[in-house]
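Heads up, the thing below is written out as structure tokens.
Computation of the quantities below employed the complete heavy-atom set of this structure, encompassing side-chain atoms and omitting hydrogens, waters and symmetry-equivalent molecules. This one's a predicted model, so the numbers in the text were calculated from it and none came from an experiment.
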Amino acid sequence: MRKLVVATRNKHKLDEIRAILKDLPDFELISLEAYPAAPEVDEDQDTFIGNARKKALTIANYTGELTIADDSWPFS
């Protein structure tokens with residue numbers, strides 16, 4: 001089974017994404033809790049997409065795993 005990192009430490013967000021992707025075969029969804037030393041990513045982009053892209057790429061480079069991210073800045 002392949003790993004899919006969800007770039008969050010928020011259990012509620014992880015549960016929501018697990019529900020959305022429940023039919024995704026052959027993937028184990030894991031959060032940043034599995035990577036306690038993962039860097040914090042500054043959410044300094046102008047759009048949701050920009051922040052999610054920055055977070056996903058940063059964490060993918062850190063973990064070496066396929067990664068997805070969501071973002072809610074500036075509303076979080």
### Message
Tell me every residue that passes salt bridge (Lys or Arg N to Asp or Glu O under 4.0 Å) with Asp15, counting only those two or more places apart in sequence or in another chain.
### Response
Lys11
When the side chains of residues 26-40 are checked against the rest of the protein, which donor-acceptor pairs come out under 3.5 Å, sequence neighbours left out?
unit_1 : atom_1 : unit_2 : atom_2 : d
Ser31  : OG     : Glu33  : N      : 3.1
Glu40  : OE2    : Arg9   : NH1    : 3.0

### Student check: side-chain heavy atoms of Val41 and Ile59 closer than 4.5 Å
yes
### Query
Do Lys54 and Asp44 sit within salt-bridge range, that is, some charged N less than 4.0 Å from a carboxylate O?
yes
## Note on the structure
On a heavy-atom basis, the closest approach of Ala7 and Lys55 is O-CD, 3.2 Å
#### Entry: Ala56 backbone acceptor or donor facing Thr58 side chain under 3.5 Å
no
### Query
Is there a path from Ile17 to Leu66 through hydrophobic residues (I, L, V, M, F, W, Y) whose side chains come within less than 4.5 Å of each other?
yes
### Query
Same hydrophobic cluster for Leu14 and Leu4, using side-chain heavy-atom links shorter than 4.5 Å among ILVMFWY?
yes
